[in-house]
Amino acid sequence: MRRRPQPTRTRLTRAVAWAASLLLAFVLAPAAVHPTEARADNPIVQHVYTADPAPLVHDGRVYLYTGHDEDNSTNYTMKEWRVWSSADMVNWTDHGSPLSVASFSWASANAWAGQVVGRNGKFYWYVPTTERATGRMAIGVAVSDSPTGPFRDALGHPLVGNGEIDPTVFIDDDGQAYLYWGNPNLWYVRLNADMISYSGSPAKIPLTTAGFGTRTGDPNRPTLFEEGPWVYKRGGLYYIVYAAKCCSEFIAYSTAPGPTGPWTYRGTIMPTQGSSFTNHPGIVDFKGNSYFFYHNGALPGGSGYTRSVGVEKFSYNPDGTIPTINMTSTGAPQVGTLDPYIRQEAETIAWESGIETEPSSEGGMNVGYTENGDYIKVKGVAFGTGPSSFTARVASATGGSTIELRLGGPNGTVVGRCGVPNTGGWQTWTTVSCPVGGATGTQDLYLRFVGGSGYLVNADWWRFTAGAPTAPPGRPVGAPRK
């Protein structure tokens with residue numbers, strides 16, 4: 001368990017106010033419109049830096065696999081991969097880090113851009129990392145029975161290694177799986193059905209200007225292909241989407257009649273923008289919509305080494321081409337609503353200010369390191385005719401703090417106040433409840449933590465109980481005044 005010095009904390013959300021991050025995101029994304037507080041959902045994770053998004057749709061959720069840029073990085077300082085998931089594209093659950101460089105006994109550094117695919121009830125995570133024996137990048141593969149892990153090294157050695165990076169995997173309709181990767185070249189190999197071995201030898205895909213566009217100014221790189229390939233099939237057409245040119249990169253794509261070509265260059269998807277000189281694509285269809293994932297430097301302290309993942313909804317043109325997509329600070333719209341009458345993890349968040357997450361002693365993750373005024377926003381909560389009470393699983397080594405339940409904003413209408421006692425430790429959990437009044441319809445819910453100085457509350461999960469709403473809440477007994 002992480003120790004809790006009192007204070008000071010240097011997390012990125014503590015460094016600059018929430019409003020400043022929105023302004024920065026707007027300035028760096030000229031195609032965006034000015035967002036209101038309730039509409040700001042990009043980047044989709046705000047409490048850590050994330051990069052290299054790789055989405056996977058499974059069992060009614062989108063699972064998002066990312067790298068993790070360490071705070072204050074001035075290079076690609078990346079030690080672990082992380083997992084997030086969402087059922088509605090706006091409220092994202094933090095599943096922590098089920099895979100790191102240390103998971104591979106043969107690796108020494110660099111948790112760079114990977115991808116997860118599911119097959120035969122298992123999930124395979126292909127990642128580039130530095131092979132200790134050679135000092136070069138190699139592609140490893142980890143396996144899990146769950147999309148959230150834990151993942152373990154499937155081989156005990158690299159799957160393939162030639163010093164190049166950014167694996168993507170595509171399984172064709174006939175069951176044949178292909179692994180693609182590369183920078184400066186573009187390689188592929190046919191994977192066997194076990195997904196951890198391959199047949200034949202790795203082969204280069206010819207990088208022709210007809211297939212991948214024309215780059216100027218670099219005689220060693222005549223085409224636009226740079227790195228980060230993402231391969232998929234739609235309507236009988238094969239797509240490869242990739243980071244183009246350098247540096248700064250934009251996102252381009254090519255199409256082909258087969259999984260290995262011949263490829264035809266189709267143009268730009270996302271122009272250069274966003275205060276990161278790299279970008280990285282991922283595309284999925286979910287609940288009847290298409291989504292484009294990318295990264296930029298939109299959070300406070302953001303750069304090409306401290307990046308953040310965003311997502312945009314888009315529609316293909318009638319001929320199957322992909323339109324130009326610009327970064328916004330509004331992000332994708334919510335698909336459906338969130339049910340407050342079932343257990344919701346506290347680390348399910350649309351937007352936040354000041355919080356962090358950490359592994360919980362009761363399993364999964366919990367929200368922690370909350371200080372006075374920190375909050376969590378949960379978007380599109382379907383209260384219906386209204387709840388009568390709110391229950392949360394909490395821990396605190398200080399006590400005397402309150403979770404305020406507000407609607408519409410961190411300073412919005414108060415519909416409940418739950419006092420939190422000293423439970424005896426930051427991982428010593430208890431359940432608290434309080435009455436709720438005035439929460440009806442579909443609203444954005446804010447859990448706001450208030451109290452004295454220092455850290456206040458850890459929160460593991462929460463749930464409302466349906467019933468006749470009570471009178472508007474008063475101040476809980478023993479709770480501090482704001």
Side-chain angles (χ1 to χ4, degrees), residues 52-56 65 112-119 123-129 131 136-143 154-155 157-213 215 220-244 246 249 251-266 269 280-284 322:
D52 304 323
L56 169 71
Y65 303 86
W112 287 4
Q115 185 186 353
V116 173
V117 295
R119 190 168 200 179
F123 299 86
Y124 299 89
W125 202 338
Y126 302 85
V127 294
T129 187
E131 185 178 6
R136 300 195 309 166
M137 296 299 292
I139 309 301
V141 57
V143 64
L155 294 173
H157 56 80
L159 172 62
V160 65
N162 59 7
E164 301 195 36
I165 59 173
D166 292 2
T168 185
V169 173
F170 163 70
I171 303 174
D172 208 346
D173 297 338
D174 62 2
Q176 178 63 61
Y178 297 83
L179 172 70
Y180 307 79
W181 75 101
N183 178 343
N185 301 293
L186 177 57
W187 299 83
Y188 78 93
V189 71
R190 290 178 173 85
L191 294 175
N192 294 326
D194 63 8
M195 302 298 286
I196 59 172
S197 63
Y198 58 86
S199 298
S201 300
K204 286 184 183 180
I205 290 176
L207 292 177
T208 65
T209 55
F212 294 90
R215 183 188 311 221
N220 296 317
R221 301 288 290 264
T223 76
L224 291 172
F225 177 82
E226 184 70 21
E227 61 188 3
W230 181 269
V231 178
Y232 65 101
K233 184 181 182 181
R234 179 181 182 272
L237 191 64
Y238 296 79
Y239 293 72
I240 183 166
V241 183
Y242 48 91
C246 185
E249 295 174 345
I251 302 300
Y253 78 112
S254 304
T255 61
T260 62
W263 298 96
T264 300
Y265 181 64
R266 296 299 183 185
I269 297 176
H280 192 97
I283 294 179
V284 291
I322 301 174

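The figures here come from the full heavy-atom set of this structure, side chains too, leaving out hydrogens, waters and symmetry mates.
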Working for side-chain contact (heavy atoms from CB on, under 4.5 Å), residues Val231 and Tyr188 = CA-CA 11 Å; Val231 178; Tyr188 78 93; over 6 Å; no
What are the two closest heavy atoms between Gly175 and Arg119, and how far apart are they?
-> O-NH2, 2.5 Å
About how many Å separate OG1 of Thr264 and CD1 of Ile240, when rounded to the nearest 0.5 Å?
-> 12.5 Å
Partner residues of Arg136 under the side-chain hydrogen bond (donor to acceptor under 3.5 Å, both in side chains) criterion, sequence neighbours left out = none
Is there a side-chain contact (heavy atoms from CB on, under 4.5 Å) between Trp125 and Val116 once you walk through the steps?
-> CA-CA 4 Å; Trp125 202 338; Val116 173; 3.2 Å; yes
Side-chain contact test, heavy atoms from C-beta onward, threshold under 4.5 Å: evaluate it for Tyr238 versus Lys233 and give yes or no.
-> yes
Which is it for Tyr126 and Trp181 under the side-chain contact (heavy atoms from CB on, under 4.5 Å) test, yes or no, and what are the steps along the way?
-> CA-CA 10 Å; Tyr126 302 85; Trp181 75 101; over 6 Å; no
Minimum-distance pair of heavy atoms, taken over all atoms of Gly282 and Pro55 | CA-CD, 3.9 Å
Hits for side-chain contact (heavy atoms from CB on, under 4.5 Å) against Ala154, two or more places apart or cross-chain, chain-then-number order -> Val141, Val143, Ile196
If you measure from NE2 on His280 to OG1 on Thr168, what distance do you get to the nearest 0.5 Å?
-> 7.5 Å
Do Val160 and Leu179 pass the side-chain contact (heavy atoms from CB on, under 4.5 Å) test, and can you show the C-alpha distance, the side-chain angles, and the key distance before you say yes or no?
-> CA-CA 10 Å; Val160 65; Leu179 172 70; 4.0 Å; yes
Taking Arg215 for its side chain and Phe225 for its backbone only, find out whether a donor-acceptor pair lies under 3.5 Å.
-> yes
By side-chain contact (heavy atoms from CB on, under 4.5 Å) - contacts of Pro184 (at least two apart) = Glu164, Arg221
Kindly compute the distance separating CG (Asn185) from CD1 (Ile205), expressed to the nearest 0.5 Å.
-> 11.0 Å
Residue set satisfying side-chain hydrogen bond (donor to acceptor under 3.5 Å, both in side chains) with Asn192, at least two apart, ordered chain then number -> Ser197, Ser199
Does Val169 reach the side chain of Tyr124, with side-chain heavy atoms less than 4.5 Å apart?
-> no
For the atom pair OH (Tyr239) and CD1 (Ile269), what is the distance rounded to the nearest 0.5 Å?
-> 9.5 Å
With side chains defined as the heavy atoms from C-beta onward, is the minimum distance between Leu186 and Pro229 less than 4.5 Å?
-> yes
Indicate the atoms forming the closest heavy-atom contact of Thr209 with Tyr265, along with that distance.
-> O-CB, 4.4 Å
Examine the side chains of Tyr178 and Thr260 and answer whether a donor and an acceptor come within less than 3.5 Å of each other.
-> no
Taking every heavy atom of Asp52 against every heavy atom of Trp112, the minimum-distance pair comes out as OD2-C, 4.3 Å
Residues Ile171 and Gly118: closest non-hydrogen pair is CD1-O, 4.0 Å
Between Ala113 and Pro167, the two heavy atoms sitting closest are O-CD, 3.2 Å
Partner set under side-chain hydrogen bond (donor to acceptor under 3.5 Å, both in side chains) for Ser201, not counting sequence neighbours = none
Is there a donor-acceptor contact under 3.5 Å from the side chain of Gln176 to the main chain of Ala193?
-> no
Rounded to the nearest 0.5 Å, what's the gap from OH on Tyr253 to CZ on Phe212? Could you check?
-> 13.5 Å
Among all residues two or more places apart in sequence or in another chain, which pass the side-chain hydrogen bond (donor to acceptor under 3.5 Å, both in side chains) test with Thr255?
-> Arg266
Any sub-3.5 Å donor-acceptor pair from Asn183's side-chain atoms to Glu226's backbone N or O?
-> yes
Working for side-chain hydrogen bond (donor to acceptor under 3.5 Å, both in side chains), residues Tyr242 and Asp166 | CA-CA 10 Å; Tyr242 48 91; Asp166 292 2; over 6 Å; no
Is it true that a side-chain atom of Tyr232 and a backbone atom of Ile283 form a donor plus acceptor pair closer than 3.5 Å?
-> no
Do Gln115 side-chain atoms and Ala54 backbone N/O form a donor-acceptor pair below 3.5 Å?
-> no
